[in-house]
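Just the heavy atoms: all of them, side chains too, but no hydrogens, waters or symmetry mates, feed the values below.
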Amino acid sequence: MKILAIETSCDDTSVAVVEDGKHVVYMKTVSQHNAHKLFGGIVPEIASRKHLDVIYDLTREVLQSLDTNIENSLKQVGAIAVTFTPGLTGSLLVGLNFAKGICLANNIALVGVHHLKAHVAANYIDNKGIKPPFLCLLVSGGHTCIVKAENYIKFRVIGKTRDDAVGEVFDKITRISDIPDCLNIDMMAKDIHEENKEIKFTIPKLENFDFSFSGMKTQAINYIKSKKKAGEVAFNLRHTVFKYLTEKLLEAAKKNNCNKVAISGGVASNLYLREMILKECRKNKIDFYAPEPKYCTDNAAMIGVQGYFEFINGNISQLDLNAYDSKSEIAKMF
Ligand code: KG4
Ligand code: ZN
């Protein structure tokens with residue numbers, strides 16, 4: 001079964017066709033990075049308008065991967081999956097209403113998808129043998145948590161950040177560095193090859209599987225302000241944060257008798273993090289899964305995968321489905 005999937009929750013417009021919840025037929029993503037760069041953060045109204053600018057052409061292009069005649073393509077689509085929560089309300093509304101329009105005009109089922117469930121589901125792409133139950137470390141720009149995928153549609157949060165998300169911390173540090181055109185923490189740290197012992201971060205001690213990153217963020221900002229080399233601060237911060245994430249994830253796996261762990265979310269595309277977790281998993285005889293980096297950051301393929309599992313479990317949405325931002329109760333039902 002083919003699903004047309006649409007993702008517009010933040011600043012990437014992404015459209016894909018996914019088959020049977022595991023095979024990506026075609027995907028295209030347009031980033032708005034340059035439009036927001038000047039402002040030092042995402043401007044919601046610009047984000048919505050940029051989604052509107054590209055969503056029609058993007059969807060046409062993706063549908064034409066099935067058949068050059070769009071009507072014939074749409075006949076092959078069994079459902080349209082679209083992110084409805086969490087995210088920026090205006091951004092979500094663009095994708096959601098566009099999906100509704102196609103559904104209404106072509107009598108196709110609508111499937112609203114929770115963005116975070118979809119991040120976890122990215123692990124099923126190209127089916128590497130992973131099946132629930134498993135634990136997943138979800139690390140993105142907006143979220144940092146450990147969730148248990150009980151089955152394909154039911155998830156339980158085991159621990160989460162009490163303040164900042166890891167991606168948010170890294171983005172802040174990248175922004176305040178004076179390295180030109182620096183896009184991420186890896187670029188900041190790229191010329192550094194060993195730890196500077198004078199740059200230390202305090203790891204918060206929380207009893208359960210919750211995290212806290214705001215203290216380390218403040219320490220990193222202070223180190224940069226006190227004229228420590230930004231690259232060295234980035235190198236040590238990345239190492240400390242990844243070690244903290246890895247230790248908690250492995251601890252959670254042991255406590256929950258789980259011998260399968262996965263990662264997902266934009267930060268999970270980081271190769272250092274992937275290597276660190278893989279090494280610890282091998283030591284502890286735990287199977288480790290990770291989506292290809294392009295399916296870790298926001299993308300429509302993962303929406304198509306989760307949409308498939310929602311659809312086959314009867315979770316079809318009504319055409320009055322609304323969009324819900326991160327603070328809403330519906331976004332928290334994960
Ligand atoms: O999942 P995502 O695309 O969007 C959200 O749902 O938040 O994650 C975006 C986050 C950003 O904070 C970005 O800096 C981070 O993922 N990110 C990375 C890397 N690529 C993206 N962080 C560390 N290493 C990377 N290679
Ligand atoms: Zn995301």
- [ ] Walk me through it: do Y152 and E310 pass the test side-chain hydrogen bond (donor to acceptor under 3.5 Å, both in side chains)?
- [x] CA-CA 8 Å; Y152 288 99; E310 300 291 350; over 6 Å; no

In terms of hydrophobic clustering (I, L, V, M, F, W, Y; side-chain heavy atoms under 4.5 Å; direct or indirect links), are [X] and [Y] co-clustered?
X    : Y    : answer
V77  : L319 : yes
M187 : V166 : no
V17  : V54  : yes
L183 : V233 : no
V305 : L138 : yes

Are the ring centres of [X] and [Y] closer than 6.0 Å?
X    : Y    : answer
Y272 : F242 : no
Y244 : F213 : yes
Y223 : F201 : yes

- [ ] Decide whether S73 and Q64 meet the rule of one side-chain donor and one side-chain acceptor closer than 3.5 Å.
- [x] no

TODO: Return yes if a side-chain donor-acceptor contact under 3.5 Å exists between K228 and N222, otherwise no.
DONE: no

So, using salt bridge (Lys or Arg N to Asp or Glu O under 4.0 Å) as the criterion, who are the partners of [X] when residues are at least two apart?
X    : answer
D186 : R238
R175 : none
E45  : R49

Lys/Arg-Asp/Glu bridge criterion (N-O < 4.0 Å) met for [X], [Y]:
X    : Y    : value
K332 : E329 : yes
K243 : E247 : yes
D287 : K260 : no

So, do [X] and [Y] sit near enough that their side-chain heavy atoms are less than 4.5 Å apart?
X    : Y    : result
I286 : L250 : yes
I330 : F84  : yes
R162 : L206 : yes
N151 : P133 : no
K160 : I146 : no
L88  : D325 : no
F209 : K255 : yes
T85  : S328 : yes

Which heavy atom in [X] sits nearest to a heavy atom in [Y], and how many Å separate them?
X    : Y    : value
L135 : C258 : N-SG, 3.8 Å
P204 : S212 : CG-O, 3.2 Å
G304 : A81  : CA-CB, 4.4 Å
H114 : F334 : NE2-CB, 3.9 Å
S140 : A165 : O-CB, 3.7 Å

Open item on the list: Evaluate V169 against M216 for side-chain contact (heavy atoms from CB on, under 4.5 Å), listing each step before the verdict.
Closed with: CA-CA 9 Å; V169 173; M216 287 193 257; 5.8 Å; no

Gap between atom [atom2] of [Y] and atom [atom1] of [X] - 0.5 Å precision:
X    : Y    : atom1 : atom2 : answer
I80  : N106 : CD1   : CG    : 7.0 Å
L4   : C103 : CG    : SG    : 8.5 Å
L271 : L278 : CG    : CG    : 11.5 Å
I70  : R60  : CD1   : CZ    : 4.5 Å
K75  : L66  : NZ    : CG    : 13.0 Å
K279 : I277 : NZ    : CD1   : 13.0 Å

Open item on the list: Would you call the rings of Y124 and F134 parallel, tilted or perpendicular, taking 30° and 60° as the class edges?
Closed with: perpendicular

Taking [X] for its side chain and [Y] for its backbone only, find out whether a donor-acceptor pair lies under 3.5 Å.
X    : Y    : answer
R274 : A268 : yes
S269 : G265 : no
N313 : N315 : no
K100 : L321 : yes
K128 : I125 : yes
K248 : N208 : yes
N34  : K37  : no
S317 : G112 : yes

TODO: Output all residues satisfying side-chain hydrogen bond (donor to acceptor under 3.5 Å, both in side chains) with K283, sequence neighbours left out; order by chain, then residue number.
DONE: E280

Open item on the list: Under the rule for side-chain hydrogen bond (donor to acceptor under 3.5 Å, both in side chains), what residues qualify as partners of S214, not counting sequence neighbours?
Closed with: D163

Open item on the list: Out of the candidates C136, P132, C296, only one should pair with N123 under the side chain to side chain contact (heavy atoms under 4.5 Å, CB included) rule; please name it.
Closed with: C136

TODO: Using side chain to side chain contact (heavy atoms under 4.5 Å, CB included) as the criterion, point out the one residue from D67, N107, I102 that pairs with L74.
DONE: I102

Open item on the list: How about NZ on K50, more than 12 heavy atoms from neighbouring residues, nucleotides or ligands closer than 6.0 Å, or not?
Closed with: no

Open item on the list: Are more than 12 heavy atoms, taken from residues, nucleotides or ligands other than K190, located less than 6.0 Å from that residue's NZ atom?
Closed with: no

Open item on the list: Does anything in residues 3-20 form a side-chain hydrogen bond (donor to acceptor under 3.5 Å, both in side chains)? List the pairs, not counting sequence neighbours.
Closed with: E7-S9, E7-T83, E7-H115, S9-H115, T13-H51, S14-T29

TODO: Show the numbers, then the answer: is there a side-chain contact (heavy atoms from CB on, under 4.5 Å) between Q219 and T202?
DONE: CA-CA 8 Å; Q219 285 177 313; T202 322; 2.8 Å; yes

TODO: Carefully, step by step, assess C10 and I42 under the rule side-chain contact (heavy atoms from CB on, under 4.5 Å).
DONE: CA-CA 8 Å; C10 193; I42 295 163; 3.4 Å; yes

TODO: Quick one: do F309 and K117 satisfy side-chain contact (heavy atoms from CB on, under 4.5 Å)? Show the steps, please.
DONE: CA-CA 11 Å; F309 290 109; K117 291 183 181 180; over 6 Å; no

